[in-house]
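What follows is a short report on a single structure.
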Amino acid sequence: MRIACGIEYDGHPFYGFQVQIQEPTVQSCLEQAISRVANHPVKIYCAGRTDTGVSATQQVIHFETDAIRTAHQWLLGINTAVNNGIVVLWVKFVGDDFHARFSATSRSYEYRILNRRVRPAINRHHLTWILQPLNDNAMHEAVQCLMGTHDFSAFRSSRCQANHAERTMLHAAVSRQGEIINCTFRANGFLHHMIRNIMGTIIKVGKGEQPVAWVQAVLNSKDRTQAGMTAAPNGLTFCGVTYPEKYEIPNHE
């Protein structure tokens, strides 16, 4: 049978989601915990991989098993066995046609900036601190050119393994709440480092180092060297996935 789960994790202690030489990773910790509950080795698949230091409030995974457990037993068992930086939010039995990655219709991220003169002491691993005053209105105006379907090569990591750079941006917004600037993005998919490279670019606009129109020029260039530096990972959170209604997958964006 195939089982889907909603996952929340604090990215700070992990070397990203995907299994790699460096440990721990979110995937390895989850696979170990689920395998203990299932009493056999389990491989998981996720909606979207995240980098070192990136957190998630609503990642979605799926795995296959012959073990007979109720959804409640899976939930309690995995949460008891897994690293305390990870928690399973919900468990749902799904059909064999469901795939956490390939069935997804959109993914959402949030990037949070603390914009003040002094560094943070609280939640410092989940914020990017920028000392210089930022013009959030200019940043919001700048990201509007990203809406729609484009070749996002200018914001693509050199290590990106995607077959092509075309993606459809469904939502892009920047807003301020006091000292916190929230940058939210939703697209049918994202390239490796795409959000962090966009953020590094619009931060330059926010600082007044580049005009709003520069972001459009960077996008049109399809040249990564024309964009800003890759922004720090700690302000980034994977915050939602949407699926066709037939799967009845919870979404808490």
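Side chains included, hydrogens not; waters and symmetry mates left out as well; all remaining heavy atoms used.
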Flag, side chain of Arg36 to backbone of Ala33, donor-acceptor distance under 3.5 Å: no

Whether Asn79 side chain and Val88 backbone form a donor-acceptor pair below 3.5 Å: yes

hydrophobic_cluster_shared for Met147 and Leu170, side chain cutoff 4.5 Å: no

Electrostatic pair Asp97-Lys246, nearest N-O below 4.0 angstrom: yes

Donor on one side chain, acceptor on other, Thr230 and Asn197, under 3.5 Å: yes

Full working for side-chain contact (heavy atoms from CB on, under 4.5 Å) between Val54 and Thr237: CA-CA 6 Å; Val54 177; Thr237 300; 5.9 Å; no

Under-4.0 Å salt bridge between Arg167 and Asp151: no

Ala165 backbone acceptor or donor facing Ser153 side chain under 3.5 Å: no

Member of Asn135, Asn182, Asn115 meeting the side chain to side chain donor-acceptor pair (under 3.5 Å) criterion with Arg176: Asn115

Under 3.5 Å: donor-acceptor pair, side chain of Glu8, backbone of Gln59: no

Non-neighbouring partners of Arg101 that pass salt bridge (Lys or Arg N to Asp or Glu O under 4.0 Å), sequence neighbours left out: none

Check: Gln144 side chain, His140 main-chain N or O, donor-acceptor pair, under 3.5 Å: yes

Thr242 and Thr105 side chains, donor-acceptor separation under 3.5 Å: yes

Of Gln18, Glu23, Gln20, the residue whose pairing with Ser28 passes side chain to side chain donor-acceptor pair (under 3.5 Å): Glu23

Test item: Trp129 side-chain N/O and Val118 main-chain N/O as donor-acceptor pair under 3.5 Å: yes

Flag for Asn137-Glu141: side-chain donor and acceptor within less than 3.5 Å: no

Within 6.0 Å of CZ in Arg49, more than 12 heavy atoms from elsewhere: no

Asp66 versus His40, side-chain donor and acceptor atoms under 3.5 Å: no

Worked verdict on Ile7 versus Val60 for side-chain contact (heavy atoms from CB on, under 4.5 Å): CA-CA 6 Å; Ile7 308 295; Val60 175; over 6 Å; no

Parallel, tilted or perpendicular: ring planes of His62 versus Phe98, cut at 30 and 60 degrees: perpendicular

With Val215, the side-chain contact (heavy atoms from CB on, under 4.5 Å) member among Ile202, Asn220, Ile198: Ile202

More than 12 heavy atoms of other groups within 6.0 Å of Lys92 NZ: yes

Note, Thr50 side chain near Tyr9 side chain (heavy atom, < 4.5 Å): yes

is_close_aromatic(Phe185, Tyr109), centroid dist under 6.0 Å: no

Aromatic ring proximity Trp74/Phe63, centre distance under 6.0 Å: yes

Whether Arg107 side chain and Ala47 backbone form a donor-acceptor pair below 3.5 Å: yes

Parallel, tilted or perpendicular, as decided by the 30° and 60° cut-offs, for the rings of Tyr243 and Tyr247: perpendicular

Whether Phe152 and Phe155 hold their rings parallel, tilted or perpendicular, with breakpoints at 30° and 60°: tilted

Trace of the side-chain hydrogen bond (donor to acceptor under 3.5 Å, both in side chains) decision for Ser55 with His12: CA-CA 7 Å; Ser55 299; His12 177 65; over 6 Å; no

Heavy atoms from other residues, nucleotides or ligands near CE of Met229 exceed 12 (cutoff 6.0 Å): no

Ser35 side chain to Gln32 backbone, donor-acceptor under 3.5 Å: no

N/O donor-acceptor pair under 3.5 Å between Arg196 side chain and Met199 backbone: no

Hphob cluster co-occupancy, Met169 + Val241, side-chain heavy atoms under 4.5 angstrom: yes

Chi angles and distances behind the side-chain contact (heavy atoms from CB on, under 4.5 Å) call for Met139, Leu134: CA-CA 8 Å; Met139 293 168 68; Leu134 295 176; 4.2 Å; yes

Any donor-acceptor N or O pair under 3.5 Å, side chains Trp90, Gln58: yes

Check: Arg69 side chain, Val37 main-chain N or O, donor-acceptor pair, under 3.5 Å: yes

